[in-house]
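Protein chains get the first letters and strands the later ones, always in sequence-line order, with residue 1 at the start of each. As the structure is a prediction and not an experimental result, all values here were calculated from the model.
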Protein chains: 2
Amino acid sequence: MVFRQRLSASARRAQLIDVARVVFAKRGYEAASLEEIADRAKVTRPVVYEHFGGKEGLYAVVIDREMEYLVRRIAEAMASGTPRERIEGAALAFLTYVKDHPDGFAVLTHDAPATTAGGGMSSLLNDVAERVGDVFIASFKAAGYDPKAAPIYAHALVGMVTFVGQWWTDTRKPSVEEVAAHISALAWMGLRHLPKKPAKLTAKKA
Amino acid sequence: MVFRQRLSASARRAQLIDVARVVFAKRGYEAASLEEIADRAKVTRPVVYEHFGGKEGLYAVVIDREMEYLVRRIAEAMASGTPRERIEGAALAFLTYVKDHPDGFAVLTHDAPATTAGGGMSSLLNDVAERVGDVFIASFKAAGYDPKAAPIYAHALVGMVTFVGQWWTDTRKPSVEEVAAHISALAWMGLRHLPKKPAKLTAKKA
DNA sequence: CGTGTAACTTACGTCACTGTAGGTTATCGT
DNA sequence: ACGATAACCTACAGTGACGTAAGTTACACG
């Protein structure tokens with residue numbers, strides 16, 4: 001006979017969010033079922049409805065938490081330093097997130113539910129790219145580049161690190177520092193001037 | 001009273017594939033229903049089962065067709081020329097595909113069904129990146145680079161163009177040639193040596 | 001030591017979709 | 001013109017998930 005522990009509202013809420021993140025990561029939004037989430041939390045479905053109103057509500061909370069965290073980390077990494085250091089820092093921050101929060105990353109890469117009837121599905125990471133784009137616009141103006149091109153580069157960089165992150169999740173072979181060095185070398189120097197062995201960035205504190 | 005045209009087996013098959021691509025593009029695999037596909041084709045569900053055995057079978061055919069086409073186009077674009085021309089050609093080929101076959105592209109970017117119980121979901125474009133990686137390994141060896149890093153760059157480039165392609169699908173503002181010029185400039189020269197206005201590649205015949 | 005409230009469960013109704021069995025109609029070849 | 005066959009449809013059974021109503025149990029607090 002298992003002890004069916006009875007948790008406080010906030011504790012159960014937190015636990016459900018954790019469990020939901022895992023399930024959404026594994027199955028994607030559509031294929032995930034509240035049944036599985038409730039089962040894993042050793043609870044029945046009505047509990048989930050009580051706390052989050054339904055599947056969409058729970059998903060929204062998970063997403064919001066994850067986006068918040070990721071964007072904050074990237075923003076911190078790009079807050080100071082030379083342009084090159086910002087790029088490398090952002091790449092490292094992103095890949096570190098991929099390493100330390102694989103489930104969260106998986107949720108962000110999977111399809112979001114089709115909310116608005118009009119368009120298709122939007123990758124959550126598009127939002128991240130847009131925020132990066134805002135940062136780029138300022139830099140582009142300052143450097144005399146066409147600010148209309150900024151979104152292109154922002155999305156390109158986010159796409160780079162996202163795709164590499166997905167690949168790295170499977171292989172896990174080179175360290176994130178090494179991978180980040182390669183990526184930022186590509187982004188900064190280009191294939192034309194690629195160094196034989198990119199120098200790793202010294203790890204940041206915290 | 002609408003003429004319920006009776007088609008030959010192969011014609012109906014072709015039509016169903018076309019319709020299915022649109023529906024899978026809009027809804028993603030999980031949320032797509034054979035019901036909607038059959039309705040749009042002015043047919044009832046059993047017809048679909050007769051031809052493809054079910055949802056997975058139909059999806060498999062759509063995917064196979066699309067992958068085949070995309071990979072062929074990229075391979076052609078990377079078949080000859082200087083390294084830089086190959087990069088730019090590949091980017092342009094990819095973006096042209098995005099422009100001319102938005103539904104196919106959407107299908108490829110959406111989640112694939114979780115076939116194997118073990119892992120998560122695999123983006124279809126990972127396969128594309130792997131094939132590009134094979135091409136890169138040869139070039140890397142020839143140029144004296146570590147071939148183990150080749151997959152990183154391959155995935156980075158595919159991710160770049162994929163993400164930008166997704167963004168471009170929404171905005172449709174700069175022409176694909178312009179976008180391809182920006183992307184290949186980034187990939188080749190890097191942010192460090194970015195030109196003020198990347199030169200467009202002359203359009204290829206056919 | 002009761003008692004009220006928060007946490008949780010059992011039970012139910014509904015819906016959308018899948019997959020299949022068996023019957024119906026158009027159309028092609030002769 | 002008329003059968004044979006391919007193309008198609010109606011109808012049904014089953015499944016899994018969503019969402020809700022009403023009842024039950026554990027725990028805090030006077």
Trainee: So what does B:Val47 touch, heavy atoms closer than 4.0 Å: a base, only the sugar-phosphate, or nothing?
Mentor: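 Sugar-phosphate contact only.
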
Trainee: Go through D:dG19, C:dC8, C:dT20 for me and flag the one nearest to the A:Arg12 side chain.
Mentor: C:dC8

Trainee: Want to settle it: does A:Arg45 or A:His51 sit nearer the 5' end of DNA chain C, counting the closest nucleotide to each?
Mentor: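 In this pair, the answer is A:His51.
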
Trainee: Between C:dC8, D:dT20, D:dC8, which nucleotide has the shortest distance from any of its atoms to the side chain of A:Pro46?
Mentor: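 The answer is D:dT20, which lies nearest to the side chain.
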
Trainee: Can you tell me how far P of D:dA17 sits from CG of A:Leu34, to the nearest Å?
Mentor: 10 Å

Trainee: Test side chain to side chain donor-acceptor pair (under 3.5 Å) on A:Tyr69 and A:Arg73 and set out the steps.
Mentor: CA-CA 6 Å; A:Tyr69 181 83; A:Arg73 282 310 182 93; 3.1 Å; yes

Trainee: Flag the pair B:His101 / B:Tyr97 as yes when their ring centroid distance falls below 6.0 Å, and as no otherwise.
Mentor: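 Centroid separation for B:His101 and B:Tyr97: below 6.0 Å.
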
Trainee: Quick check: closest heavy atoms across B:Ala38 and B:Thr44, and the distance to 0.1 Å?
Mentor: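 So the minimum-distance heavy-atom pair works out to CB-C, 3.8 Å.
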
Trainee: Rounded to the Å, how far apart are A:Tyr29 OH and D:dA17 P?
Mentor: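 Rounded to whole Å, this separation is 14 Å.
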
Trainee: What nucleotide, of D:dA17, C:dC8, C:dT18, holds the atom closest to the side chain of B:Glu35?
Mentor: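 The closest nucleotide is C:dT18.
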
Trainee: Measuring centre to centre across the rings, with the benzene-like ring taken for any Trp, is A:Phe136 within less than 6.0 Å of A:Tyr153?
Mentor: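 No, the ring centres sit 6.0 Å or more apart.
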
Trainee: Assess whether a salt bridge exists between B:Glu36 and B:Arg27, defined as any Lys/Arg side-chain N lying under 4.0 Å from an Asp/Glu carboxylate O.
Mentor: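 B:Arg27 and B:Glu36: salt-bridged.
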
Trainee: Distance check: side-chain N/O of B:Arg6 vs OP1/OP2 of C:dC28, anything under 4.0 Å?
Mentor: no

Trainee: When we call it a touch if two heavy atoms are under 4.0 Å apart, what does A:Thr44 touch: a base, just sugar-phosphate, or nothing?
Mentor: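 It contacts base atoms.
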
Trainee: To the nearest Å, give me how far apart NZ (B:Lys55) and P (C:dT20) are.
Mentor: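 After rounding, the reported distance stands at 15 Å.
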
Trainee: Would you kindly give the CZ-to-P distance between A:Arg13 and C:dC8, to the nearest whole Å?
Mentor: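 Checked: the CZ to P distance equals 14 Å.
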
Trainee: Rounded to the nearest angstrom, tell me the gap between atom CD1 in A:Ile37 and atom P in D:dG16.
Mentor: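 Interatomic distance, CD1 of A:Ile37 to P of D:dG16: 18 Å.
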
Trainee: Let me know the distance between OH of A:Tyr49 and P of C:dT10, rounded to the nearest Å.
Mentor: 16 Å

Trainee: Could you tell me the separation between the CD atom of B:Glu30 and the P atom of C:dA16, rounded to a whole number of Å?
Mentor: 18 Å

Trainee: B:Glu50 has an atom CD; how far is it from atom C1' of D:dC8, in whole Å?
Mentor: 10 Å

